[in-house]
S.K.: 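Provided herewith is a single structure, encoded as structure tokens, for subsequent inquiry.
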Amino acid sequence: MKENNTGSGAERYSALFDLSGKTAVVTGGLGILGRRFCAGLAAHGAQVAVADLDDHKAAAFAEQLHQDYGTACMGAGCDVSDPDSVVRMTDKIAQRLGGIDILLNNAASKSDDLEQFFAPFESYSLEQWRQVTAVNVDGMFLVAQAVGNHMLKQNRGGSIIQTSSIYGLLGPDERIYEGSRYLGTTINTPAVYSASKAAVVGLTSHLAARWAPYGIRVNTLTPGGIESGQNSRFIERYSARVPLGRMGQPDELVGAAIYLASDASSYVTGHNLYVDGGLHAW
Ligand SMILES: NC(=O)c1ccc[n+]([C@@H]2O[C@H](COP(=O)([O-])OP(=O)(O)OC[C@H]3O[C@@H](n4cnc5c(N)ncnc54)[C@H](O)[C@@H]3O)[C@@H](O)[C@H]2O)c1
């Protein structure tokens with residue numbers, strides 16, 4: 001493209017975040033953040049595959065995206081902890097939408113049994129630990145592997161974004177959980193969640209180094225606490241610990257995801273982008 005006399009190539013810059021002609025897969029696409037990621041990607045022109053446990057709900061949400069943004073979108077029922085399900089899901093998407101350019105490796109499990117999930121570390125069961133890591137670690141591995149293989153075969157690069165958490169870096173301040181409730185129960189941040197989210201950062205570094213020669217960028221997106229129905233006591237205590245003085249809103253992750261998905265971050269790989277109101281900084 002011809003540069004203008006400021007040397008800035010303004011036209012090129014204004015298209016930096018354009019995702020037209022790209023296909024994106026979002027695992028956990030029906031979740032609080034997943035739905036926003038899907039909408040943000042479609043709004044920037046991408047074809048979006050919504051991958052989540054419930055096939056019908058994923059298809060219905062994909063249809064809604066198509067109505068709202070006009071790009072070809074599809075639902076893809078998938079259990080990310082099941083290798084066959086993951087391969088079926090990625091093959092179907094690549095075939096229907098002409099390959100895969102962007103992956104938001106984002107699904108995570110809070111477990112079916114919240115009492116077990118939030119149990120104290122000292123009596124935490126190995127069974128519960130494995131149930132969570134089967135999704136949060138094995139699932140990340142399986143989806144990155146299946147999508148990465150498509151990207152390598154396609155030979156046109158790609159961008160993989162993996163969702164971690166501020167608790168993959170920080171230990172929880174137990175004091176903020178006193179009197180806190182969420183999803184009808186008392187809450188904390190279990191060690192299995194921290195360990196699984198730290199694993200995401202390690203997987204990102206490894207894959208960023210391994211796939212850089214093929215133009216496949218791999219980055220971590222690390223959200224801080226997002227407001228989504230916690231009681232006011234929790235919100236106040238959490239907010240008091242954050243430099244920006246509040247919890248995040250689900251929409252506030254979208255800009256970072258689009259940045260990492262698009263050519264705006266063409267020289268960025270192996271990075272961990274915190275969207276946490278500055279919590280990691282002190
Ligand atoms: N919301 C937050 O405060 C927050 C903070 C830090 C990090 N995160 C991370 O952001 C990501 C998205 O979080 P969220 O708040 O949208 O979570 P969410 O619980 O609302 O959504 C998770 C989605 O993953 C899906 N899922 C669970 N198990 C699955 C499986 N085996 N196969 C396929 N899909 C499966 C669920 O059905 C759900 O739609 C997660 O990785 C989470 O750990 C969230």
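Owing to the predicted nature of the structure, the values given are computational and were not obtained by experimental measurement. We count residues from 1, following the sequence as given.
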S.K.: Among side-chain atoms of Asn272 and Thr222, is any donor-acceptor pair under 3.5 angstrom?
M.R.: yes
S.K.: Less than 3.5 Å apart, any donor N or O on the side chain of Gln64 or Asp68 sitting next to an acceptor on the other?
M.R.: yes
S.K.: How about Gln131 and Glu127: does a side-chain donor come under 3.5 Å of a side-chain acceptor?
M.R.: no
S.K.: For the CD atom of Gln95 and the OG1 atom of Thr90, what is their distance to the nearest 0.5 Å?
M.R.: 11.0 Å
S.K.: Looking only at side-chain N and O atoms, does Asp113 offer a donor or acceptor that is under 3.5 Å from a partner on Ser111?
M.R.: no
S.K.: What are the two closest heavy atoms between Val80 and Val86, and how far apart are they?
M.R.: O-CG2, 3.4 Å
S.K.: Of all the heavy-atom pairs spanning Ser194 and Thr189, show the shortest one and how long it is.
M.R.: OG-CG2, 3.9 Å
S.K.: What residues form a salt bridge (Lys or Arg N to Asp or Glu O under 4.0 Å) with Arg156, not counting sequence neighbours?
M.R.: Asp101
S.K.: When clusters are formed by joining ILVMFWY residues with side-chain heavy atoms under 4.5 Å apart, either directly or through shared neighbours, do Leu203 and Trp211 land in the same one?
M.R.: yes
S.K.: Could you check whether any side-chain N or O of Arg36 sits under 3.5 Å from a backbone N or O of Leu253, counting only pairs where one atom can act as donor and the other as acceptor?
M.R.: no
S.K.: Check whether any side-chain N or O of Tyr193 sits under 3.5 Å from a backbone N or O of Tyr167 as a donor-acceptor pair, and report yes or no.
M.R.: no
S.K.: Taking it one step at a time, do Tyr69 and Val48 satisfy side-chain contact (heavy atoms from CB on, under 4.5 Å)?
M.R.: CA-CA 10 Å; Tyr69 303 105; Val48 176; over 6 Å; no
S.K.: Who pairs with Arg246 by salt bridge (Lys or Arg N to Asp or Glu O under 4.0 Å), at least two apart in sequence or on another chain?
M.R.: Glu252
S.K.: For the side chain of Asn105 and the backbone of Thr27, is there at least one donor-acceptor N/O pair under 3.5 Å apart?
M.R.: no
S.K.: Identify, with sequence neighbours excluded, every residue that meets salt bridge (Lys or Arg N to Asp or Glu O under 4.0 Å) alongside Arg241.
M.R.: Asp173
S.K.: Kindly say whether Tyr259 contributes a backbone atom to a donor-acceptor pair with the side chain of Ser265 at under 3.5 angstrom?
M.R.: yes
S.K.: Looking at Ile102, is its backbone amide N or carbonyl O close enough to the side chain of Ser159 to form a donor-acceptor pair, meaning the two atoms are under 3.5 Å apart?
M.R.: no
S.K.: Taking Thr269 for its side chain and Val218 for its backbone only, find out whether a donor-acceptor pair lies under 3.5 Å.
M.R.: yes
S.K.: For a side-chain contact (heavy atoms from CB on, under 4.5 Å) check, start with the C-alpha distance between Thr163 and Leu104, then their side-chain angles and the critical distance, and finish with the verdict.
M.R.: CA-CA 7 Å; Thr163 316; Leu104 247 157; 4.1 Å; yes
S.K.: Check whether any side-chain N or O of Arg88 sits under 3.5 Å from a backbone N or O of Cys78 as a donor-acceptor pair, and report yes or no.
M.R.: no
S.K.: For the pair His66 (side chain) and Thr71 (backbone), establish whether a donor and an acceptor sit closer than 3.5 Å, ignoring hydrogens and angles.
M.R.: yes
S.K.: Taking the side chain as C-beta and beyond, is there a heavy-atom pair between Leu30 and Val50 under 4.5 Å?
M.R.: yes
S.K.: Does Tyr274 form a side-chain contact (heavy atoms from CB on, under 4.5 Å) with Ile166? I'd like the steps, not just the answer.
M.R.: CA-CA 8 Å; Tyr274 291 96; Ile166 192 64; 4.0 Å; yes
S.K.: For a 4.5 angstrom cut-off between non-hydrogen side-chain atoms, does Phe118 reach Tyr124?
M.R.: no
